[in-house]
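Counting convention: from 1, in listed order, for ligands and their atoms alike.
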Amino acid sequence: MIMAAMLLSCCSSDSEAMAEVVSPQANTEGEIGKTLVVYYSYTGNCREIVTTLRSQIQADVLEIQPAEKGLRYEANNYALGTQLLNAIKANPNDASSYPAIDPVTTSLADYQNIIIVTPLWWSQMAAIMQTYLFQSASQMAGKHVGLIVSSHSSGISGVVSDAKRLLPDVTWMGDALWINASNHSKRASLIENWLGTLNFAKAQTTMNKMSITIGGQTQSVTLEDNAATKALVEKLQQAPVTVTLDSSGDFEIWGALGFSLPTSNQQITAQPGDVILYSGSNICIFYGTNAWSYTRLGKIDGLTGSELRSFLKAGETGISVTLSLPSDATKIVNGKWLNGKWDSPLKDEDIYSLSGQKVSNPSKGLYIKNGKKVIL
Ligand SMILES: Cc1cc2nc3c(=O)[nH]c(=O)nc-3n(C[C@H](O)[C@H](O)[C@H](O)COP(=O)(O)O)c2cc1C
């Protein structure tokens, strides 16, 4: 049957352009809105895809189940699966053409973005998923929707057509992602690249995170919960803050913030990665250790000692350091420095700001092009 399917679908393309690339919708805080992953899986491949997807984005998950259990869609040369699809094809606007599914209680009103993960059956969308989309088309209107299709080997253009027919009023995010038997084991990187083209920030933001950008590289900081960080977040909600810091004592870069924050000083030994408030109005970022009376602001996430030294430009003076909230820094990040290389799913020749946002009409200034900083 798979051979027959391959012959049937020999002319279908691997992914059909649905629209220009559209990003996930933002919520009122400017962060990526709530995302729901809806899937159906008969033999488990789509379930595995969803597990991988969930390890990369924050999303709730809804599994669609057929009302009639234990059916074997593949039996008798896929007779039942074919019969269900033919019934839909004959009368696509009639609700009774679609196989019954279990009632769904998840309200789509809570979500701005939806990712559909569905198997391909005979080059069409699996009938069970078609039922759900047929029933929920009006609740999905206006949402940003992405599509991932799993097949053995057939191209997915028929499934893309089904999706467009069933959901005429949604905004499609990018091209559908096709995962098949030969690349299913590489789904983590396929999904990561696909999400990258859609501008899905991997780690969605919370208020206990701040970003520090130095020389075009942005690192996240996990903030302490204290009066100083609350005041700092409030300040950063208005605009990012750029300060000029100097290396000192071979353990820190530090300098004036330009404003004061409430202190709760304690005698502590600052550790590499610590971000510290000193004397109420100075910021110190550590690549070594020092014991003093400080107010801790937070800690840079996940850098080794040598990565910290290089990120903080240890030993230099006049270092420009920008503090921002992750929603500023990550909502439109299209690229980042990774292990000393510019890493982006977009094209090399695209132009990026130093903090990784793609820029369409750059004015004069310093940008990133072909993985290098350039002056335009
Ligand atoms: C009824 C039925 C029809 C199928 N038709 C095709 C087909 O035409 N071409 C193909 O490449 N795979 C076909 N497949 C295989 C599935 O698309 C593929 O195994 C997919 O990964 C299944 O996802 P799941 O494990 O989440 O159910 C079919 C499977 C079933 C059950």
Next on the checklist: Side-chain heavy atoms nearer than 4.5 Å, only ILVMFWY residues, links allowed to pass through others: does that put Val243 and Phe286 together?
Outcome noted: no
Next on the checklist: Any nitrogen or oxygen of Tyr73, side chain or backbone, less than 3.5 Å from one on ligand 1?
Outcome noted: no
Item to check | Pairs involving residues 235-250, ordered by first then second residue, that meet salt bridge (charged side-chain N to carboxylate O under 4.0 Å, His left out) (sequence neighbours left out) | outcome: Asp250-Arg309
Item to check | Distance filter under 4.0 Å to Asn45 heavy atoms, resulting ligand 1 atoms | outcome: 19 (O), 20 (C), 21 (O), 22 (C), 23 (O), 24 (P), 25 (O), 26 (O)
Checklist outcome for this item: Ranking Ser154, Gly44, Gly81 by closest non-hydrogen atom to atom 9 (N) of ligand 1, top hit is Ser154
Next on the checklist: Using the rule given for side-chain hydrogen bond (donor to acceptor under 3.5 Å, both in side chains), can you reason through Thr242 versus Thr322, listing the C-alpha separation, both sets of side-chain angles and the distance that settles it, and then say yes or no?
Outcome noted: CA-CA 4 Å; Thr242 299; Thr322 299; 2.9 Å; yes
Next on the checklist: Could you tell me if Thr295 and Asn265 have a donor-acceptor pair between their side chains, going purely by distance under 3.5 Å?
Outcome noted: yes
Next on the checklist: Contact between Tyr40 and Val117 at the side-chain level, heavy atoms closer than 4.5 Å - yes or no?
Outcome noted: no
Next on the checklist: Counting only heavy atoms, tell me which of Leu85, Leu84, Ile49, Leu120 gets closest to atom 13 (C) of ligand 1.
Outcome noted: Leu120
Checklist entry - Is there at least one pair of N or O atoms, one from Tyr40 and one from ligand 1, spaced under 3.5 Å apart? => result no
Item to check | Under 4.0 Å to a heavy atom of Cys46 - the qualifying atoms of ligand 1, by number | outcome: 24 (P), 26 (O)
Checklist entry - Under 4.0 Å from any heavy atom of Ser123, which atoms of ligand 1 are there? => result 8 (O)
Checklist entry - N/O to N/O below 3.5 Å, does that happen between Tyr78 and ligand 1? => result no
Checklist entry - Looking at Leu85 and Ala127, what are the two nearest heavy atoms and their distance? => result CD2-N, 4.1 Å
Checklist entry - By number and element, which atoms of ligand 1 are closer than 4.0 Å to a non-hydrogen atom of Ser153? => result 10 (C), 11 (O)
Checklist outcome for this item: Residues pairing under salt bridge (charged side-chain N to carboxylate O under 4.0 Å, His left out) where one sits in residues 264-279, two or more places apart or in two chains, turn out to be Asp274-Arg296, Asp274-Lys299
Next on the checklist: When you compare ligand 1 with Arg47, is there at least one nitrogen or oxygen pair between them that comes in under 3.5 angstrom?
Outcome noted: no
Checklist entry - Does an N or O anywhere in Thr43 fall below 3.5 Å from an N or O of ligand 1? => result yes
Checklist entry - Under 3.5 Å, is there a donor-acceptor pair linking the side chains of Asp301 and Ser220? => result yes
